[in-house]
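To start, the structure under review is shown below, and the notes come after it.
Atoms considered below: every heavy atom in the structure, side chains included; atoms not considered: hydrogens, waters and symmetry mates.
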Amino acid sequence: MSLHGKRKEIYKYEAPWTVYAMNWSVRPDKRFRLALGSFVEEYNNKVQLVGLDEESSEFICRNTFDHPYPTTKLMWIPDTKGVYPDLLATSGDYLRVWRVGETETRLECLLNNNKNSDFCAPLTSFDWNEVDPYLLGTSSIDTTCTIWGLETGQVLGRVNLVSGHVKTQLIAHDKEVYDIAFSRAGGGRDMFASVGADGSVRMFDLRHLEHSTIIYEDPQHHPLLRLCWNEQDPNYLATMAMDGMEVVILDVRVPCTPVARLNNHRACVNGIAWAPHSSCHICTAADDHQALIWDIQQMPRAIEDPILAYTAEGEVNNVQWASTQPDWIAICYNNCLEILRV
């Protein structure tokens, strides 16, 4: 990798603990800012807000705050114009929304829909609606997805993955949901998809929650851990199975048949990120220390090899492509965050 003037190609930050969740801020005035979540197998965990000081070319930790349990996901409010408050959401035992100030971060609200019990089913993931930043959706191990309205914290709709008029008989009916993501289709507000332990990708519409559409089922019914919509073309999404070494690309217009399989990783895949600015580029990251960028333009012909490969110094457990700075990708492994110019 060559150096363009003074700008390096890779910047590295070492946290005091294993990094798992991370996300780029999209605010125009906070260009190289990321949130990182610790993965410590105990109650007391941390979230750090770090920023790249463009003068010194070093990452600086701007803020650290406590978080109960490791964050399963964290995400900045999708506010590219900087008109909303500077908010960060985290999922773990509950969905929490934090307000970020210059010096401190404080809890703005805690969203819990188990009003009648002390038990809470852990949240595996969530997504923040880009079109309507007052909407967030969570996925839980209790087989449900919940859509939240932020201004009052009310539950707008609760989807039980067991219900719905499913035309395909499923072997499993009552398994955990591992990920949820809003689609940009049809205006970008009402459609979302989820994946879970029953090995299916399901599509929902907030206007018709009584139905769900099965877009794909893993042939061996392996649990599906992640799903990720193409940022430019809402027909495509990517998913991956637990302990799987490949990423499956799906086209919602051709349900149940993958249009591509990306299978160059030599160990299980942990993360998927589509390019924010191109419909045919996607980055995958895995336990084989590799982050691979693929060009899927020739689908449905087989995609043989990635066009770019980066080898990290450890198992890569997350990858995030910066939506407002598309030439930067963040990965994390062990206790390190690295941002790479692509």
Side-chain angles (χ1 to χ4, degrees), residues 21-37 46-52 54 60-67 71-92 94-113 123 125-139 145-157 179-192 206-207 228-229 231-232 234 273-274 276-277 318 320-326 328 330 339:
M22 63 158 178
N23 187 242
W24 290 89
S25 168
V26 298
R27 281 180 85 86
D29 56 338
K30 302 275 195 262
R31 286 198 340 132
F32 285 93
R33 180 175 69 161
L34 295 102
L36 311 175
K46 303 279 185 194
V47 172
Q48 277 192 348
L49 310 182
V50 303
L52 186 68
E54 296 190 48
I60 295 167
C61 177
R62 310 261 185 223
N63 204 324
T64 303
F65 59 93
D66 293 324
H67 194 279
T71 50
T72 51
K73 184 170 178 177
L74 39 77
M75 192 175 172
W76 297 91
I77 184 169
D79 174 20
T80 50
K81 297 192 172 63
V83 294
Y84 292 92
D86 197 4
L87 300 178
L88 175 75
T90 60
S91 55
Y94 300 113
L95 180 66
R96 291 176 174 82
V97 180
W98 309 81
R99 186 183 287 257
V100 178
E102 281 307 311
T103 51
E104 59 158 16
T105 301
R106 66 166 204 268
L107 184 62
E108 188 78 0
C109 62
L110 182 147
L111 302 171
N112 165 27
N113 57 15
L123 300 177
S125 188
F126 72 96
D127 195 22
W128 206 322
N129 192 296
E130 286 183 16
V131 173
D132 182 352
Y134 292 111
L135 284 183
L136 293 97
T138 54
S139 57
C145 293
T146 303
I147 305 298
W148 299 92
L150 197 58
E151 60 276 337
T152 54
Q154 86 272 31
V155 181
L156 296 187
D179 202 4
I180 179 172
F182 285 105
S183 161
R184 295 191 173 189
R189 185 185 181 276
D190 297 297
M191 317 277 281
F192 65 94
L206 286 176
R207 298 157 297 193
C228 196
W229 287 100
E231 301 278 329
Q232 294 291 325
W274 288 94
H277 58 307
N318 203 336
Q320 298 276 320
W321 205 316
S323 59
T324 51
Q325 300 164 105
W328 290 95
I339 62 169

Starting at [atom1] of [X], measure out to [atom2] of [Y] and round the result to the nearest 0.5 Å.
X: Thr146; Y: Leu95; atom1: OG1; atom2: CG; value: 9.5 Å
X: Leu110; Y: Arg96; atom1: CG; atom2: CZ; value: 5.0 Å
X: Asp179; Y: Phe126; atom1: CG; atom2: CZ; value: 10.5 Å
X: Leu88; Y: Leu49; atom1: CG; atom2: CG; value: 6.5 Å
X: Tyr94; Y: Thr138; atom1: OH; atom2: OG1; value: 13.0 Å
X: Arg62; Y: Thr105; atom1: CZ; atom2: OG1; value: 12.5 Å

Considering non-hydrogen atoms only, spot the tightest contact between [X] and [Y] and give its length.
X: Trp128; Y: Pro78; answer: CG-CD, 3.4 Å
X: Ala21; Y: Leu74; answer: CB-CG, 3.8 Å
X: Gly101; Y: Asn63; answer: O-ND2, 4.4 Å
X: Leu150; Y: Pro133; answer: CD2-O, 4.0 Å
X: Trp76; Y: Leu34; answer: NE1-C, 4.1 Å
X: Leu87; Y: Arg99; answer: CD2-CA, 3.9 Å

Check your understanding: Cut-off 3.5 Å, side chains only: do Ser125 and Ser139 have a donor facing an acceptor?
Key ->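 On atom types as modelled, these side chains do not qualify, holding no pair under 3.5 Å.
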Okay, side chain of [X], backbone of [Y]: is any donor-acceptor separation there less than 3.5 Å?
X: Arg184; Y: Glu231; result: yes
X: Asp127; Y: Phe182; result: yes
X: Gln48; Y: Cys61; result: no
X: Trp24; Y: Gln320; result: yes
X: Thr90; Y: Thr71; result: no
X: Trp274; Y: Cys228; result: yes

Review point. Taking it one step at a time, do Met191 and Arg207 satisfy side-chain contact (heavy atoms from CB on, under 4.5 Å)?
Key: CA-CA 9 Å; Met191 317 277 281; Arg207 298 157 297 193; 3.9 Å; yes
Those residues that, when tested against [X], pass side-chain hydrogen bond (donor to acceptor under 3.5 Å, both in side chains) (two or more places apart):
X: Asp79; result: none
X: Lys46; result: Asp66
X: Asn129; result: none

Practice item. Look at the aromatic rings of Tyr84 and Tyr134 and report parallel, tilted or perpendicular, splitting at 30° and 60°. Key: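 Perpendicular, since the angle between the ring planes exceeds 60°.
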Review point. Would you say Val47 and Trp98 make side-chain contact, with heavy atoms under 4.5 Å?
Key: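 Sidechains of Trp98 and Val47: no contact.
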Exercise for review: Among Arg33, Arg31, Lys30, find the residue that satisfies the side chain to side chain donor-acceptor pair (under 3.5 Å) test when tested with Ser25.
Suggested key: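 For Ser25, the side chain to side chain donor-acceptor pair (under 3.5 Å) check succeeds only for Arg33.
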Point to revise | Sub-6.0 Å ring centroid separation between Phe32 and Trp328 | key: yes
